[in-house]
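A note on names: the letters A, B, ... follow the listed sequences, proteins ahead of strands, and every chain is numbered from 1. Below, each value reflects all heavy atoms present in this structure, side chains not excepted, and no hydrogens, waters or symmetry copies. Bear in mind the structure is a predicted one, so any value in this text is a computation, not a measurement.
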Number of protein chains: 2
Amino acid sequence: MNKPANIREVARRAGVSITTVSRALNGYPDVNEETRKRIMAITEEIGYIPNAVAKSLVTQESRSFGFILSGLIRGSKHTIIQECLCGIYAFAREVGYEVTMFPVDSAMQLKKSYMQFSREHNLAGVILQGIRTDDEYSREVFSSDLPCVLIDIPADRNRVGSVSIDNEAASAAMTDYLLSQGHRNIAFVNGKEAAAVSTQRYEGYVSAMRGASAPLRWDYVLNGEFDEEIAYREALRFLPEHPEVTAAYCASDLMAIGVMRAAAELGIAVPEQLSVTGFDDIPIAAYTTPSLTTIQQDFFLNGYEAARMLYDIIQGKDVPHRKKTPHRLLERNSAGSIQGGSPLRT
Amino acid sequence: MNKPANIREVARRAGVSITTVSRALNGYPDVNEETRKRIMAITEEIGYIPNAVAKSLVTQESRSFGFILSGLIRGSKHTIIQECLCGIYAFAREVGYEVTMFPVDSAMQLKKSYMQFSREHNLAGVILQGIRTDDEYSREVFSSDLPCVLIDIPADRNRVGSVSIDNEAASAAMTDYLLSQGHRNIAFVNGKEAAAVSTQRYEGYVSAMRGASAPLRWDYVLNGEFDEEIAYREALRFLPEHPEVTAAYCASDLMAIGVMRAAAELGIAVPEQLSVTGFDDIPIAAYTTPSLTTIQQDFFLNGYEAARMLYDIIQGKDVPHRKKTPHRLLERNSAGSIQGGSPLRT
DNA sequence: AAAATCCTCCAAAACGTTTTCGGTGAGACA
DNA sequence: TGTCTCACCGAAAACGTTTTGGAGGATTTT
């Protein structure tokens, strides 16, 4: 394993100092065009590649976004983090940055804090996703002066940015949609309580129901933990107890799928007897029978915008630290109108 | 933005040399227990974090796997690379490595070669996935002495490792399954020609058909390019022309879904009139109607095993450079028996 | 003709570590 | 008393860059 050529070797062959080589390669003006050509030729010839590690060490910057995320788990059924990662990379490429991932597994004993990770790698800034706000490590990041933007987590501090859809508005929109179809008794299957998006979506549901003077009953909101199986079991229990509810609005597609399975098992027809709607628009949502009416999020865009905001913060630009990405209500086939002539389940 | 503390600061406060600090922190034996305690305390107090960049520079190794992959694109409907990445991280954590991703986009003008990337970052070795073998940059990697393992690409050189399922056997198994259900006229929807897995799956199909003396016709193999839409259009053309074929075996789930959609549009019932099978077992496959009979691959395991093999190669262990991960035929509802009483389409 | 300017280049310091080699003092052994 | 061993520690080199602060010569300006 012979060592790769370094700048010294190039300098030696070109008969110049390493300073000149460095300047030539980095496009500084004060180097003779002829010398530059010669250096370039030698660089090419011996396959010299500047060592980014050494460069990063001396310049004290890494041109690298950190991406700290939880939820990179085996057997995941959605592509959310994939999309997000892809968006981050898309922007990073535009500005010549790289990205360094740090997946944190809730199961793993976290011996390394986010901060430690960031400093070890001279990260220019970090993007956090799927991280709990009450986590001790995130506090450490918030209170540091490391540029930082959050995805799907509201930022309380002013130094840190955040990007997400307007969860409350989207949630209200979905509830309103169901209401407009004639539904009154609408159950809401929520996700984990700890997640900020859960409370926001709950708020949206509540305000829409209240606005329409629809029955707002505590026993109409179920806890599905963002889990297909749990939502399935909850629905299995809930649906027979409440034949008067004609719609179940779920805070995630996976939970909606669980609810639809429960309905199928109970002999309840979707959407004829029960409308079911989801949230996220994961790939599966388009392929279920019936296909899922849901709120579409652009997770790619979330990643892209988060990276862009982080970049602006790093550059010291004065930029709004709150970005709402667009959402869209995707009307498919899992929800229908009550006036459509379909009998209520009662 | 005050600079983070460095080893010199710790040494100054502890009243020892930086050598001693380094030794204390890295667990070398020749440092007094009392001094070590003191150093640890100071480290904790001022929040000192060793700089991995500097360390990597001097040790000439980064304890980092490179993951070079193509196919990280917006709107992807499967979780293959996600699973793979997850597997790589799982192993990396076990051995205290990190992973550095390098997504290559076929659309992007690749101004940086894989080799350049690897050397820039002092990578210990790289894992390649979804990369074409005839690509100029992969040649560069193969012929270098950089430890390297390929996923889903057969390795011709002996220095490089490779991991994948036994595509030929799996493909033959699926074909045999269809044959055992009484099908004789089986179409095969293949993926991109450039992909190694395509030719292997084609071989499996051919040998199984040949073994059963089933009709092997060139016009029974379609080119779906691993694309749902293309497979859909191909099926739309092919199915009416060939009412005698009772089964379509597709080299990917997405193509199978495209074929099923075409069948639905043509009024052909699946599986009653046409059996359709896929390959991969992506999440969607379980949620289509009918659910997809397919070959299950463990992409997580692919990543995990690739990382393990790479690690062994880096360590200089003499280890088999070819690993076949298990596959499984998942019998769901998109394929049925001809004897089952269902009429042929003819 | 002297002075100022410009172009091209170089020596050396710096970034934050690890590692090699050697030094000091204390106790053990002859 | 002299030497050897051992535990502990430090000075300095090294990793491969970038950047600072000029130096030397040629060219232009005054």
Side-chain angles (χ1 to χ4, degrees), chain A residues 1-40 42-43 46-64 96 116 118-124, chain B residues 1-40 42-43 46-64 116-124:
Chain A
M1 190 107 160
N2 47 359
K3 290 179 8 180
N6 58 14
I7 198 174
R8 223 181 314 275
E9 176 67 11
V10 177
R12 197 183 59 74
R13 297 212 188 199
V16 296
S17 75
I18 61 173
T19 310
T20 306
V21 176
S22 174
R23 302 189 90 89
L25 262 32
N26 292 331
Y28 281 73
D30 58 344
V31 38
N32 190 297
E33 201 48 43
E34 203 171 317
T35 334
R36 182 187 307 259
K37 286 252 178 57
R38 185 155 37 97
I39 289 174
M40 290 304 193
I42 291 175
T43 291
I46 69 176
Y48 167 67
I49 295 168
N51 184 307
V53 171
K55 174 186 291 199
S56 166
L57 178 60
V58 60
T59 59
Q60 295 290 69
E61 57 152 32
S62 61
R63 295 191 72 77
S64 182
Q116 183 173 354
S118 311
R119 292 234 300 244
E120 269 184 357
H121 293 266
N122 285 31
L123 293 184
Chain B
M1 190 110 158
N2 48 359
K3 291 180 4 183
N6 58 17
I7 199 174
R8 224 179 317 272
E9 177 66 12
V10 177
R12 196 183 61 74
R13 297 211 186 199
V16 295
S17 74
I18 61 172
T19 311
T20 306
V21 176
S22 174
R23 274 205 279 257
L25 262 33
N26 293 331
Y28 282 73
D30 57 347
V31 40
N32 190 297
E33 201 47 44
E34 204 170 319
T35 337
R36 174 177 317 228
K37 285 250 177 61
R38 185 154 38 97
I39 290 173
M40 291 305 193
I42 291 175
T43 293
I46 70 176
Y48 166 68
I49 295 168
N51 184 308
V53 170
K55 173 186 291 197
S56 165
L57 178 60
V58 59
T59 58
Q60 296 288 70
E61 57 151 34
S62 60
R63 293 191 73 78
S64 181
Q116 183 173 354
F117 176 78
S118 311
R119 292 233 300 244
E120 270 185 358
H121 294 266
N122 287 66
L123 293 184

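- Rounded to a whole Å, the CZ atom of A/Arg38 is 11 Å from the C1' atom of C/dC9.
- For A/Tyr28 and C/dC10, the shortest distance from a side-chain N or O to OP1 or OP2 is not below 4.0 Å.
- The separation between A/Ile7 atom CD1 and C/dC10 atom P is 12 Å, rounded to whole Å.
- Put simply, CG on B/Leu57 is 14 Å from P on D/dA14, counting in whole angstrom units.
- Judged by distance alone, the side chain of A/Thr59 and the main-chain N or O of A/Lys55 form a donor-acceptor pair under 3.5 Å.
- Computed from coordinates, the B/Asn122 CG to C/dT17 C1' distance equals 13 Å when rounded to whole Å.
- Among the protein residues, B/Thr35 comes within range of the sugar-phosphate backbone only, with heavy atoms under 4.0 Å from sugar or phosphate atoms but none that close to a base.
- Results of the side chain to side chain contact (heavy atoms under 4.5 Å, CB included) test with A/Arg23 over A/Val21, A/Thr19, A/Asn26 single out A/Thr19 as the only residue that passes.
- Comment: A/Arg36 engages A/Glu33 in a salt bridge, judged by a side-chain N to carboxylate O separation of less than 4.0 angstrom.
- In this model, the phosphate group of C/dT17 is not approached by any side-chain N or O of B/Thr59 to a distance below 4.0 Å at OP1 or OP2.
- In this model, a side-chain donor or acceptor of A/Asp30 finds a partner on the base of C/dC9 within 3.5 Å.
- Taking only side-chain atoms of A/Asn51, from C-beta outward, the nucleotide of D/dA11, C/dT17, D/dG16 with the closest atom is D/dG16.
- Across the interface with DNA chain D, nearest-nucleotide mapping of B/Glu33 and B/Val58 shows B/Glu33 to be the residue nearer the 5′ end.
- Contact between the side-chain N/O atoms of B/Thr19 and the OP1/OP2 oxygens of D/dG10 is not found at any separation under 4.0 Å.
- A/Glu61 has its side chain out of reach of A/Asn122: every pair of non-hydrogen atoms, C-beta onward, lies at least 4.5 Å apart.
- When rounded to the nearest whole Å, the span between CD of B/Glu120 and C1' of D/dC15 equals 17 Å.
- A sub-4.0 Å separation between OP1 or OP2 of D/dT17 and a side-chain N or O of A/Asn6 is absent.
- Whole-Å rounding puts the B/His121 NE2 to D/dT17 C1' distance at 15 Å.
- Salt bridge status for B/Arg38 with B/Glu34: absent, with no side-chain N to carboxylate O gap under 4.0 Å.
- Pairing each heavy atom of A/Tyr48 with each of A/Asn6, the nearest pair is CE1-C, 3.4 Å.
- Side-chain nitrogen and oxygen atoms of A/Gln60 include at least one within less than 4.0 Å of the OP1 or OP2 phosphate oxygen of C/dG16.
- Whole-Å rounding puts the A/Arg36 CZ to C/dC7 C1' distance at 13 Å.
- Within the nucleic acid shown, B/Ser22 comes within 4.0 Å of at least one base atom, counting heavy atoms only.
- Side-chain N/O atoms of A/Thr20 include none lying less than 4.0 angstrom from OP1 or OP2 on C/dT8.
- As judged by a 4.0 angstrom heavy-atom cut-off over every strand, A/Val16 is placed among residues touching the sugar-phosphate backbone only.
- We find that CZ of B/Arg23 is positioned 9 Å from P of D/dC9, with the value rounded to whole Å.
- Nucleic acid contact for B/Ile49: sugar-phosphate only, since backbone atoms but no base atoms lie under 4.0 Å from a heavy atom of the residue.
- Of all nucleotides listed (C/dG16, C/dT18, D/dC9), D/dC9 comes nearest to the side chain of B/Asn32.
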